[in-house]
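The structure appears right after this line, and notes come after that.
When reading the values below, keep in mind they use all heavy atoms of this one structure, side chains included, and skip hydrogens, waters and symmetry mates. Model, not experiment: these values are computed from the prediction. Numbers here simply count residues along the sequence, with the first being 1.
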Amino acid sequence: MNSNTTGTAAKTTAKTVLISGASVAGPALALWLHRYGFAPTVVERAPELRTGGYKVDIRGTAIEVCRRMGVLDEIRAKSTDMRGGSYVDDAGRTIGELPADIFGGRVEEDDEIMRGDLARILYDRTRDDVEYLFDDSIAALDEDAHGVTVTFESGTVRRFDLVVGADGLHSNTRKLAFGPEQRFKRHLGAYISIFTAPNHLGLDRWETYHALPKKLLCVYSAGGETDAKNLFIFSAPEDVPYDLRDVTDQKRLLADTFAGDGWEVPRLLGHAADADDFYLDSMSIVEMDSWSRGRVVLLGDAAHCSSPASGQGTGLALTGAYVLAGELARAGGDHTVAFARYEERMRPGVEQNQKMAEGFVKEMTVGSKWKIALRMLMVRTLPKTPWKNLIAKKIRDGIQSAANAVPIEDYSALTVTPTAAPTATPTAAPATTTPAAPTTTRNATPAPAAPRPTVTA
């Protein structure tokens, strides 16, 4: 065990923990659980590590969590290094520019990294100590007083002491343990689409925005990238007349919504039609009365998605993984105590971030031309005004309050007996799959209307 803990050993034996989802929350939790002597297994539906995604913020409490994880220097090395952003009109003329710190609402140690780079860092840190099962998923959960019998889609049946759903907004674990998604997901009135395309604008660590009534577009290229990430946000009811389970229909929805719009929209829609990493989903939050039921608990977006609009999804996932693992270690594996403490510590901060996301979605989809014109005036004049620092501070203060809304404790005084990676029972799954790294394909990042900061999940 790669343990940095000292103190009194836990009184109970190490627990086997199945984690569904190998994005950010799942591997982060696995890292901490292994340090505390638990035996985590991570199952992922994808056939290999998914390294796509938009840029995500690491700020506030999440910075300290990453420092304690020992991955902060690696995150710094993979920083997007964005310089700033500009808004343009229909003809592509620059309306105004703002530096990255104002767009991102960042201070001091805050940073930004591509989601895929962060996923790779966490996977590489855990792959030798944690069992990973790719190309599989949970099909059924059967809990009793002593554990959970898990049936996988592959047909394998295994026993675990605890099960954690870290599998996102459309969590399969949540559906199996708590019920249909519709009971917990609340649509915020907008959709988001992200895809990769050639950098025909020649952007260098720069974001370019174009605002339309009830719509927002962003094209950017991060440090070290040769392509561009493209973001479309638009207002729409949840029950749009398209099959959102079908990527062809998703692309049709995007094309129909932005048909006839100016600037670079026609060319970008052409890239969208050809994109093999095309993503479209609703801007939604997840609200639940409880994040646990028996021996099953939810983590990150599966428990409390705050939507990409909050810019805090990744930070909450990293912080939640730290708190959940720490409380399990403190409770000696007693899930009834640990799950309650985890939720008690996380929930107030989660609710603050979800409230912020609702406001940001409205700002990103302003409905009238005159309101957009007023904001563009602000973007154009802000850098020249004597009170620009006060306005920038007001933007930062709200974001920083949300980023630090979950206080964390020091669990490093906990010591447990090291455990080996879990092994299969007679009916267990095949050996752990550790695939070769796929070619990295990344998406764009969500961003709000000016002068609000860049919104990343």
Side-chain angles (χ1 to χ4, degrees), residues 55-63 79-112 203-220 222 231 233 263 306-312 315 349 352-405 445-456:
K55 54 190 177 73
V56 297
D57 285 312
I58 309 295
R59 64 168 104 234
T61 302
I63 288 286
S79 173
T80 60
D81 194 28
M82 299 299 291
R83 298 183 296 116
S86 56
Y87 277 79
V88 297
D89 61 18
D90 283 345
R93 295 182 295 257
T94 299
I95 297 171
E97 298 181 350
L98 292 172
D101 286 349
I102 293 181
F103 263 115
R106 299 186 188 95
V107 298
E108 300 172 352
E109 293 188 303
D110 292 358
D111 216 326
E112 186 179 64
L203 302 175
D204 175 21
R205 295 167 295 150
W206 195 263
E207 311 180 72
T208 299
Y209 299 92
H210 182 56
L212 297 163
K214 298 186 178 181
K215 304 172 187 177
L216 178 69
L217 294 87
C218 172
V219 181
Y220 80 90
L231 164 80
I233 294 175
W263 186 51
S306 55
S307 90
S310 74
Q312 278 295 107
Q352 180 176 340
N353 279 275
Q354 289 182 329
K355 182 177 180 180
M356 181 176 69
E358 292 190 68
F360 278 2
V361 168
K362 295 176 182 177
E363 293 184 7
M364 285 187 276
T365 54
V366 173
S368 66
K369 289 185 178 180
W370 74 267
K371 287 185 178 180
I372 292 175
L374 182 61
R375 288 196 173 166
M376 294 306 98
L377 176 63
M378 187 180 300
V379 169
R380 186 168 58 248
T381 59
L382 179 60
K384 305 173 185 177
T385 60
W387 53 84
K388 65 180 180 181
N389 291 333
L390 291 176
I391 296 175
K393 182 178 183 299
K394 183 177 180 180
I395 294 172
R396 288 195 301 267
D397 285 352
I399 294 172
Q400 290 300 317
S401 174
N404 290 279
T445 182
R452 288 292 188 179
T454 299
V455 174
T456 49

Atom [atom1] in [X], atom [atom2] in [Y]: separation rounded to 0.5 Å?
X: Lys355; Y: Ser310; atom1: NZ; atom2: OG; value: 15.0 Å
X: Met82; Y: Asp101; atom1: CE; atom2: CG; value: 12.5 Å
X: Arg380; Y: Ser86; atom1: CZ; atom2: OG; value: 13.5 Å
X: Thr385; Y: Leu390; atom1: OG1; atom2: CG; value: 9.0 Å
X: Met376; Y: Met378; atom1: CE; atom2: CE; value: 9.5 Å
X: Leu382; Y: Asn389; atom1: CG; atom2: CG; value: 9.0 Å

Without swapping roles, check the side chain of [X] against the backbone of [Y] for a donor-acceptor pair under 3.5 Å.
X: Arg59; Y: Gly315; answer: no
X: Arg375; Y: Glu363; answer: yes
X: Ser401; Y: Gly398; answer: no

Please name the pair of heavy atoms, one in [X] and one in [Y], separated by the smallest distance, quoted to 0.1 Å.
X: Gln312; Y: Ala402; answer: NE2-O, 3.9 Å
X: Ile372; Y: Pro213; answer: CD1-N, 3.4 Å
X: Trp263; Y: Gly92; answer: CD1-CA, 3.7 Å
X: Val361; Y: Ala309; answer: CG2-CB, 3.5 Å
X: Pro383; Y: Glu97; answer: CG-O, 3.4 Å
X: Leu203; Y: Val219; answer: CD1-O, 3.3 Å

Check each of Lys55, Arg83, Arg205 against Glu112 using the salt bridge (Lys or Arg N to Asp or Glu O under 4.0 Å) test, and report the only one that passes.
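That would be Lys55.
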Do [X] and [Y] touch side chain to side chain, with heavy atoms closer than 4.5 Å?
X: Ile63; Y: Ile58; value: yes
X: Trp387; Y: Lys394; value: no
X: Val107; Y: Ile399; value: no

Option among Leu216, Asp90, Ile95 that satisfies the side-chain contact (heavy atoms from CB on, under 4.5 Å) test with His210
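With His210 as partner, Leu216, Asp90, Ile95 yield a single side-chain contact (heavy atoms from CB on, under 4.5 Å), made by Asp90.
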Under 3.5 Å, is there a donor-acceptor pair between the Asp111 and Ser79 side chains?
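Ser79 and Asp111 do have a side-chain donor-acceptor pair below 3.5 Å.
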Stepwise side chain to side chain contact (heavy atoms under 4.5 Å, CB included) test for Asp110 and Gln400:
CA-CA 10 Å; Asp110 292 358; Gln400 290 300 317; 2.6 Å; yes
